[in-house]
K.L.:
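Take a look at the following structure, please.
So you know, we letter chains A, B, ... as the sequences are listed, proteins then strands, and number each from 1.
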Amino acid sequence: QKCALDGLMSSLTKSVASAVLEKVTLSCIDATAKGSLVDCPAGYKPTGCSCGNACGSWDIRNDQTCHCQCANQDWTAARCCKIALK
Amino acid sequence: QKCALDGLMSSLTKSVASAVLEKVTLSCIDATAKGSLVDCPAGYKPTGCSCGNACGSWDIRNDQTCHCQCANQDWTAARCCKIALK
Amino acid sequence: QKCALDGLMSSLTKSVASAVLEKVTLSCIDATAKGSLVDCPAGYKPTGCSCGNACGSWDIRNDQTCHCQCANQDWTAARCCKIALK
């Protein structure tokens, strides 16, 4: 019976997972600010950053803030994502 | 009993969450096109964009399209992600 | 009764989904290396890449590795994310 029970639990979990999957999604927004720093709103995480003046060198501070590294940075943008209910 | 029940529900939810977590994953693909625009396929969201000619200035339109902002943009690529069953 | 049951299942799933949502999150870290290639750790996926020398042209190899395309690439960084328990 042990295997049968395992099998049952696994398929039950799979169906719960698919049902949950129907209800949740990756939810993303964009944040932009002048200068070289921009925060994602609370609950969101940066997944990538964009910088003015064609700059492709950036880093993420405290898991929350996009920082564009080029001199005289005119603007910085963050792509911010989280898991949310559809 | 109220606290006991709360405790039970919370641990039940945690085990359902971990079981579901075993079955779901962050699933990502790449989309590339000539020029300055590329869409993620339906169901996916852009999490970041890459541009030809070393351009690091991009934005995301309609939560679906990577747009590279530099002049004479030769190609644009999107990193596209969603939550999916493993 | 069929509709009533459907309705019940749907709201049950929604509450399971919200309960699970409380327990899971998008978890991200950063990986950096000298040169033009850097891997995300196992279990994580790259969602975007950053490159030294202001380079904005990158691609992702094998769903795991950020590759910066500019010549004489000094460093490459990857934003690496996964779904995890809070």
K.L.:
Keeping the roles fixed (side chain from A:Ser50, backbone from B:Asp59), state whether a donor-acceptor pair exists under 3.5 Å.
P.N.:
no
K.L.:
Tell me, for A:Cys49 versus chain B, whether the close heavy atoms (under 4.5 Å) come from the side chain, the backbone, both or neither.
P.N.:
backbone
K.L.:
Taking B:Lys45 for the side chain and A:Leu26 for the main chain, is one N or O donor matched with an acceptor at less than 3.5 Å?
P.N.:
yes
K.L.:
Count the heavy-atom pairs under 4.5 Å between each of A:Gly48, A:Gly52, A:Ala54, A:Ala77 and chain B, then report the option with the highest count.
P.N.:
A:Ala54
K.L.:
For chain A, which residues of residues 27-42 of chain B have at least one non-hydrogen atom nearer than 4.5 Å to it?
P.N.:
none
K.L.:
Please look at B:Glu22 and chain A and tell me whether the side chain, the backbone, both or neither of the residue comes under 4.5 angstrom of a heavy atom of that chain.
P.N.:
neither
K.L.:
Looking only at heavy atoms, what is the nearest atom pair of A:Cys55 and B:Ser57, with distance?
P.N.:
N-OG, 4.1 Å
K.L.:
For A:Trp58, is it the side chain, the backbone, both, or neither that has a heavy atom closer than 4.5 Å to a heavy atom of chain B?
P.N.:
neither
K.L.:
Against chain A, work out which of B:Leu21, B:Leu85, B:Val24, B:Asn53 has the most heavy-atom pairs shorter than 4.5 Å and name it.
P.N.:
B:Leu85
K.L.:
With heavy-atom distances below 4.5 Å as the criterion, would you say the side chains of B:Ile83 and A:Ile83 are in contact?
P.N.:
yes
K.L.:
Of the non-hydrogen atoms in B:Thr47 and A:Arg79, which two are nearest, and what is the gap between them?
P.N.:
O-CG, 3.5 Å
